[in-house]
Amino acid sequence: MNQKRENQELRTVRGMRDLFGEDAELYRYIIEQITKIVLKNGYTPIETPILEFTSVFMRSLGEYTDVVSKEMFSFLDRSENSVSLRPEGTASIVRALITNKLTQTLPQKWFYHGPMFRYDRPQKGRYRQFYQFGVEHIGTDAPLSDVESIAVVAEVLKKLKISNVTLSLNSVGDKETRQKYKEKLVEYFSRYENDLSLDSQRRLQANPLRILDSKDEKDQQIALEAPSILDHLTPSSHAFFDRVQEGLALLNIAYELDRMLVRGLDYYDHTTFEFKTCLDSQNSIAIVGGGRYNGLVEEMGGPSIPAVGWAFGIDRLMIACNYSDVPLAKKIAVLFINQEEENIALKLTHRLRDELQMAVLFPTDGSFIKRLKYSDKIGATCVVILGADEIQSNQAKLKFLYDIDSFQAGQEISIPMEQVIAFFHQNLHV
Ligand code: HAM
């Protein structure tokens, strides 16, 4: 193997990274907290494959979106089928709903998390393999479902102590709204056709809404003066959006209307929203995005079924979160002093693992001092020490490595062996 190839194989692919140490711990903590909250809100788990036929994403997300036209990881498999790594979760979930005939058992409230793939230019908070946690509430057309969905996001942000966020809210109305609004947009943008980026010129007739979402600075300047979709909502779309806003006000969820928020995917109707946070003084990024998609199930070949959902970008949540806010998981370690006590220590370890809801470690390699140092390094709150004296008197020595309740780091106590489990239940609250 030549040197260049060897080096290449030891790097990660651009825009993809390993997660370990504090990052991996924070990732796990975030997933655990969101899972608890969505379960409480009646969502149940669903898993779909990471790889789907490319057609699953083409029609659903829209061929003029950046995600489909530029960012898909697509390739031919060995049978010459075009397959793609999923760039998001919603299209796969709707595909699963139809494939498994789950349209008979509505409504469905699902949650999922895992890696997504977009071939975008990597930068802070933007990766080619990134992680989402999403929910989809399928089979509901009530505006209060949108409110409830947004309220779950607010609950997650509160739990994760992320406060510097703004909720941007918009409505892209129903089909009729968008048809009429598109005509207005074409009329407006046609006046600037030559100044628009080549991408936006292409989108002008086919899908002018996408120009509002352009990343090109000049397009963005021109779009600032474009007509607002909120001035073109049909009466029923207007009423729907009013009810969503009333619901948010009832729950004291603050928001800002953002008429430019059409979102980067084509499947939305009515409500669209994003929670944004500042990365630095110049840049803000969306940590979660979502909205209603009443036409998607039918578009993908199923019956007409309304739905609403959102997805968090976990990588971005990790930037917004403070690792110091993650409560350390309590751990203890069992240490024997001499080889003679090893068997008793092994048995005690397994009894503790059976009885306690916490990590019980049993370091076996190296000297007693080395194992004690290791226990300290991995953050064990307390070590249980078994030596010849302890075995003879049927006692266990507990040494605290961190302050906990009325015990101080460094303090040692001896307790009868049969009281060890009860002691941890009482004093470590496990
Ligand atoms: P999205 O806005 O495309 O929506 O993605 C949701 C979130 O994923 C974004 O707000 C962002 O935090 C994160 N994200 C997107 N791309 C990247 C990237 N390259 N690197 C890091 N994070 C990223 C959806 O995907 C929809 N499926 C959401 C939805 C569910 N709508 C209805 N139901």
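Computation of the quantities below employed the complete heavy-atom set of this structure, encompassing side-chain atoms and omitting hydrogens, waters and symmetry-equivalent molecules. Order of listing sets the numbers, starting from 1, for every ligand and every atom in it.
- Taking a 6.0 Å sphere around NZ of Lys182, one finds it holds more than 12 heavy atoms contributed by other residues, nucleotides or ligands.
- Distances below 4.0 Å separate heavy atoms of Trp310 from the following atoms of ligand 1: 29 (C), 30 (C), 32 (C), 33 (N).
- Every atom of ligand 1 with a heavy atom of Glu88 under 4.0 Å away is listed here by number and element: 25 (O), 26 (C), 27 (N).
- Those atoms of ligand 1 that come under 4.0 Å of a heavy atom in Tyr293, given as number and element, are 32 (C), 33 (N).
- At the shortest separation from atom 28 (C) of ligand 1 among protein heavy atoms lies Gly289 O, 3.4 Å.
- Regarding atom 8 (O) of ligand 1, its nearest protein heavy-atom neighbour is Gln132 NE2, 3.2 Å.
- Applying the 4.0 Å criterion to heavy atoms of Thr90 picks out, from ligand 1, the atoms 26 (C), 27 (N), 29 (C), 30 (C), 31 (N), 32 (C), 33 (N).
- The residue Phe273 has no part lying near ligand 1, judged by heavy-atom distances below 4.0 Å.
- Protein heavy atom in closest approach to atom 7 (C) of ligand 1: Ala311 O, 3.5 Å.
- Looking at residues two or more places apart in sequence or on another chain, you find a side-chain contact (heavy atoms from CB on, under 4.5 Å) between Lys373 and Ile369.
- A donor-acceptor contact shorter than 3.5 Å is absent between the side chain of Asp258 and the backbone of Ser168.
- The one candidate from Arg210, Glu299, Glu63 that meets the side-chain contact (heavy atoms from CB on, under 4.5 Å) condition with Asp266 is Arg210.
- For the residue pair Ser197/Asp219, the side-chain donor-acceptor check at 3.5 Å is satisfied.
- With a 4.0 Å cut-off on non-hydrogen atoms, Glu274 does not touch ligand 1 at all.
- For atom 21 (C) of ligand 1, the closest heavy atom belonging to the protein is Gly125 O, 3.2 Å.
- Distances between N or O atoms of Arg118 and those of ligand 1 include at least one value under 3.5 Å.
- Counting heavy atoms under 4.0 Å from ligand 1, residue Glu136 touches it through the side chain alone.
- For the 3.5 Å distance criterion, the side chains of Asp174 and Thr177 qualify, holding a donor opposite an acceptor.
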_Steps toward salt bridge (charged side-chain N to carboxylate O under 4.0 Å, His left out) verdict (Lys159, Asp325)_ = CA-CA 10 Å; Lys159 177 76 206 177; Asp325 288 332; over 6 Å; no
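- When only non-hydrogen protein atoms are considered, atom 4 (O) of ligand 1 lies nearest to Arg263 NH2, 2.9 Å.
- Looking at atom 14 (N) of ligand 1, its nearest protein heavy atom turns out to be Phe130 CE1, 3.5 Å.
- The aromatic ring centres of Phe133 and Phe312 sit 6.0 Å or more apart.
- The backbone of Ile287, and not its side chain, has at least one atom closer than 4.0 Å to an atom of ligand 1 (non-hydrogen atoms only; backbone = N, CA, C, O).
- With no hydrogens or angles considered, no side-chain donor-acceptor pair links Tyr323 and Glu25 at under 3.5 Å.
- Look at Tyr268 and you'll find a heavy atom under 4.0 Å from some atom of ligand 1.
- Atom 13 (C) of ligand 1 has as its closest protein heavy atom Gly313 CA, 3.6 Å.
- Proximity of Ile285 to ligand 1, defined as any heavy-atom pair under 4.0 Å, is not found for any part of the residue.
- Here the protein heavy atom with the shortest distance to atom 24 (C) of ligand 1 is Leu265 CD1, 3.7 Å.
- Taking each of Ala286, Gly290, Ala307 in turn, the one with a heavy atom nearest to atom 9 (C) of ligand 1 proves to be Ala286.
- Ring-plane geometry between Phe407 and Phe400 is classed as parallel, the angle between the planes falling under 30 degrees on a 0 to 90 degree scale with a further cut at 60.
- For the residue pair Tyr293 / Thr90, no side-chain donor-acceptor distance below 3.5 Å is found, with atom types taken as modelled.
- Using a 3.5 Å distance cut-off with no hydrogens or angles, the side chains of Gln245 and Tyr255 do pair a donor with an acceptor.
- If you number the atoms of ligand 1 from 1 as listed, the ones under 4.0 Å from a heavy atom of Tyr267 come out as 26 (C), 27 (N), 31 (N).
- If you check the side chains of Arg263 and Tyr268, you find a donor sitting under 3.5 Å from an acceptor.
- Residue-ligand proximity, Gly309 to ligand 1, at heavy-atom distances under 4.0 Å covers atoms 30 (C), 31 (N), 32 (C), 33 (N).
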